[in-house]
Amino acid sequence: MARIFSGIQPTGDKHIGNYLGAIRHWVAGQTEHDCLYSIVDLHSITVPVEPAALREATLSLATLLFAAGLDPAKSTLFAQSHVSEHMELAWYLNCTATMGELRRMTQFKDKSGGQESVSVGLFDYPVLQAADVLLYQAGLVPVGEDQRQHLELMRDIAIRFNGRYGDTFVVPQAQIPPTGARIVDLQEPTKKMSTTGGTEQGTLLLLDSPARLRKKVMSAVTDSDGVVRADPENKPGITGLLSLLSAIEDVPIASLEERYDGKGYGDFKRDVAEAVVALVEPLQARHAELSSDPGEVVRLLKIGADHARSLAVPTVELVRERIGFAPRG
Ligand code: TYM
């Protein structure tokens, strides 16, 4: 059974891109794989965040993930900061990764905006991400398209470490879904949907009310051509909506183009809006149920962290020995 690891940041409201690019596949993976999923709160502090907001966001995201179908009997869900071995391994890997390769990371370039006053943690973010996965000897990492570069770096770090110290880490592979890996902003469809870099009106939040979701879809930007056809260069808005519906319904874009042949944008958008609402409504209902018992979420996260830690400690011990630290006695 392959081991799967993936992570999601607690800060920022979760949107349908997170769901279609990652969460949905995490849930699907749990029946056939040994899965560990982490709420990566250590990554969230690479930019300033209010303590109360961080605490609240972590528990709220755990509730959302359980509501989306993560089953604590099948998967391990835990908060990254509850397993301090992530930070320890990140240090060892810091001494393997190079400044040059971190400087090339597009996410760092985007988030830092070329400023010097960003945290060292933001620069080092991908090394902590490598530690997350290598700590559990995970072979597969289900993520959206935007994580591809971080996954490549993670593989390079693992291969370099193994070359220097002898086989230590499984070299992981990204698992990027064929549809839904890059859901775009509905107002600025050349950008990915994101609560940090996108527009509010163009971002479909998983906990938005159905009325709000419908409004956001109906006001998505399109073009004056009037034909429901994918053309990323000339029709990015319609292409984005087609990709969204294709990911939700799991049907190829070509068959959607056929379905909407001769129909107007209004009909098409209405169907996209209803598909979005039908997707999130059961999740929202379950979220409301689970929110009434926050103590249960804390309890489940503790069970998750205890299990994760039991897997993390042997890796860190092996790494210490490989590097050449003297035994503790
Ligand atoms: P994060 O929290 O930004 O996103 C969580 C997951 O959602 C995917 N995603 C999208 N997929 C499709 N369309 C979009 N518009 C979209 N936006 C986000 C992301 O690709 C991701 O899979 N660095 C990671 C968290 C992380 C991690 C890890 C992931 C930390 N350690 C180890 C894998 C393995 C992040 O910030 O994801």
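Note: hydrogens, waters and symmetry copies are ignored here, and every other heavy atom, side chains too, is used. Ligands are counted one by one from 1 in listed order, and the atoms in each one are counted from 1 as well.
Remark: side-chain polar atoms of Thr168 are paired, donor with acceptor, to backbone N or O of Gly166 under 3.5 angstrom. Side-chain N or O atoms of Thr239 include one that pairs as donor or acceptor with a backbone N or O of Asp231 at under 3.5 Å.
Open room surrounds CD on Glu200; 12 or fewer heavy atoms of other groups in view lie less than 6.0 Å from it.
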Under a 3.5 Å threshold, I'd like every N/O contact between ligand 1 and protein atoms, with atom names and distance.
| unit_1 | atom_1 | unit_2 | atom_2 | d |
| --- | --- | --- | --- | --- |
| ligand 1 | 2 (O) | Gln9 | N | 2.9 |
| ligand 1 | 4 (O) | Asn18 | ND2 | 3.4 |
| ligand 1 | 7 (O) | Asn18 | ND2 | 3.1 |
| ligand 1 | 11 (N) | Gly17 | O | 3.1 |
| ligand 1 | 13 (N) | Ile183 | N | 2.9 |
| ligand 1 | 15 (N) | Ile183 | O | 2.9 |
| ligand 1 | 15 (N) | Met193 | N | 3.4 |
| ligand 1 | 15 (N) | Met193 | O | 3.0 |
| ligand 1 | 20 (O) | Gly144 | N | 2.8 |
| ligand 1 | 20 (O) | Asp146 | OD1 | 2.4 |
| ligand 1 | 22 (O) | Gly144 | N | 3.2 |
| ligand 1 | 23 (N) | Tyr125 | OH | 2.7 |
| ligand 1 | 23 (N) | Gln129 | OE1 | 2.9 |
| ligand 1 | 23 (N) | Gln147 | OE1 | 3.2 |
| ligand 1 | 31 (N) | Asp132 | OD2 | 2.6 |
| ligand 1 | 36 (O) | Gln9 | NE2 | 3.1 |
| ligand 1 | 36 (O) | Tyr125 | OH | 2.7 |

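Residues meeting the side-chain hydrogen bond (donor to acceptor under 3.5 Å, both in side chains) test with Thr199, sequence neighbours left out: Asp185.
Using a 4.0 Å cut-off between charged side-chain N and carboxylate O, Glu152 and Arg104 make no salt bridge.
Using a 4.5 Å cut-off on side-chain heavy atoms (C-beta onward), His15 and Leu205 make contact.
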